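Let me begin by presenting the structure, written as structure tokens, before commenting on it.
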Amino acid sequence: MFCKQCNIVLCVVKSYETTLSPPILREAIADRQNRAICSAPCGANKICETFKRHKFKKDKKVNKKAYFGKFGGQFVPETVMFALNELEEAYEKIAKTSEFEAELDDLLRHYVGRPSPLYHAKRLSAHYGHEIYLKREDLNHTGAHKINNALGQALLAQKMGKKKVLAETGAGQHGVASATAAALLGLECDVYMGATDVARQQLNAFRMQLLGANVISIEEGLKTLKEATTAAIQAWVNEIESAFYIIGSAVGPHPYPKIVRDLQSVIGRETKEQLAEFGVKPDYIVACVGGGSNAIGIFSAFLDDTDVHLIGVEAAGLGADTPYHAATLTKGREGIIHGMKTIVLQDSYGMIAPVHSISAGLDYPGVGPEHSHLHDIKRAHYEGVTDDECIEALKLTSRLEGIIPAIESSHALAYLAKLCPTLSGKKTIVVNVSGRGDKDMNTVMGYEKGKIYG
Ligand SMILES: *Cc1c(COP(=O)(O)O)cnc(C)c1O
């Protein structure tokens, strides 16, 4: 049976029916009620009628490394398994060598501009009555943390002998970071972008083209990130030997969530060292969560420091109790999306729910599997912030500190207004400023107009 949105499903189904599928695949298409779920990259998560009749046994021999607790895995067609295995092997053999680390480190230092400063925000601290430190990922080349990941993956692609990289992009930030890394390393780059997003984000689409990338506009469905991701995965299946798929967040099938986490963990390592230089110990680390890469990057260094509270801030849009939000961990349920088992926003039929946020970088109906796990074991806590609260924080940070944060990062900053009044004594709070707000000025202007005339 075909998924209406994505013919890759057929591969999953066929390989189950006609071949000895790997155990992971078998688990992929059975949910807890032993119903089959469409594990299509399109994320439709539709319960497939054909498979309701079948009984699936859960195989005990699942690849433990692919999981964070019960989340993660590799819910993909067999053709993609080949590439994931190749990637996992290359990552272990190439990326973990000291030569690779030294080369990437050199690029991060001299090209990206790392280490990014940890800045003691004195006026925000006075405003909130606690010590606020900002990790300045907004000062990176291309304006956000995304370059840490794109550059690392592109360098691995080059070392693997790939000639081309593929990337999906929503608002265009990951597309620009990938196009930048590809230009630097002399790789071809195809960026898949929904037609709606190409129109909305003309500047970023043009930027990618200037950097030498092909921007491929996708006309399917809602013509946004979900469709672009499906198209990128399909393109990858077609060019699986020559192309490397650069995923943009700590999501997708194993080993991507771990690779992205490792590449972003530089944020946490630096923060820890920089706090030590200031001679302070953190009480709270706060970061916004879309797919969760900047958050897991800064959290990773503090996971074992159990006295440090880790807080992920999701987009509550118009309110987590309305249908217009992207508060996945607050409102979602276990499901399968883009090759992973994680918490997913879905309706009662298991269909992926539409999401809303003022921030294009946070409106994703899933979340990286490691966050689902940290949420499950209560090591990290996840809170929602609305569009209105986010814009308030963007303005406050601009006026008090002369820093215009990205609207994504403004979600993390907005959480300070909720957290600080509840704390006694003077606490030390680090906020990861994942990116700068230059890209968001049109959105903020539109928001203001809506306020005045709406
Ligand atoms: C893309 C983006 C995000 C969201 O992605 P994560 O993977 O959750 O970090 C956050 N901030 C900025 C500035 C972004 O561009």
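Just follow the structure's listing: the first ligand is 1, and inside any ligand the first atom is 1. Just so we're clear, the structure is a prediction, and the values are computed from it rather than from any experiment.
In terms of the side chain to side chain contact (heavy atoms under 4.5 Å, CB included) criterion, residue partners of Arg136 (sequence neighbours excluded) are, by chain and number, Pro117, Tyr119, Leu134, Asp138, Leu139, Ile403. Considering only residues two or more places apart in sequence or on other chains, His309 meets the ring-ring contact (aromatic ring centres under 6.0 Å, His included) condition with Tyr284.
Not one N or O of Glu408 is nearer than 3.5 Å to an N or O of ligand 1, by distance alone. At under 3.5 Å, not a single nitrogen or oxygen of Cys288, backbone or side chain, sits near a nitrogen or oxygen of ligand 1. An N or O contact shorter than 3.5 Å links Gly292 to ligand 1 by distance. An N or O contact shorter than 3.5 Å is missing between Ala406 and ligand 1 by distance. Between Ser434 and ligand 1, a contact under 3.5 Å exists for at least one N or O pair.
Here Gln74 contributes atom CD and Tyr67 contributes atom OH; the two are 8.0 Å apart, rounded to the nearest 0.5 Å. Rounding to the nearest 0.5 angstrom, the gap separating the OG1 atom in Thr271 from the CG atom in Asn432 is 6.5 Å.
Counting the atoms of ligand 1 from 1 in the order shown, those under 4.0 Å from a heavy atom of Gly435 are 13 (C). Shown in contact with Gly361 at under 4.0 Å from a heavy atom are these atoms of ligand 1, numbered in order with element: 4 (C). For ligand 1 and Ser249, the ligand atoms under 4.0 Å from any heavy atom of the residue are 6 (P), 7 (O). Ligand 1 places these atoms under 4.0 Å from at least one heavy atom of Gly290: 8 (O). Atom numbering of ligand 1 starts at 1 in the shown order; those under 4.0 Å from a heavy atom of Gln173 are 15 (O). Listed by number with element, the atoms of ligand 1 under 4.0 Å from a non-hydrogen atom of Ser293 are 6 (P), 7 (O), 8 (O), 9 (O).
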- Could you walk me through whether His120 and Tyr133 pass the ring-ring contact (aromatic ring centres under 6.0 Å, His included) test, one step at a time? CA-CA 4 Å; His120 186 199; Tyr133 289 82; 4.4 Å; yes
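In the model, Asp262 has a side-chain atom that pairs as donor or acceptor with a side-chain atom of Tyr91 under 3.5 Å.
Within the structure, the closest approach of Gln264 to ligand 1 does not fall below 4.0 Å when heavy atoms are considered.
If you check each of Glu314, Lys146, Lys439, Arg436 against atom 14 (C) of ligand 1, the one with the closest non-hydrogen atom is Lys146.
Looking only at side-chain heavy atoms (C-beta outward), Val286 and Val430 stay at 4.5 Å or farther from each other. Side-chain contact between His145 and Ile298: absent, with no pair of heavy atoms (C-beta onward) separated by less than 4.5 Å.
Cation-pi check for Lys341 over Phe75 is not met; the charged atom does not lie both under 6.0 angstrom from the ring centroid and within 45 degrees of its normal.
Only side-chain heavy atoms of His145 come within less than 4.0 Å of ligand 1; its backbone N, CA, C and O stay farther off.
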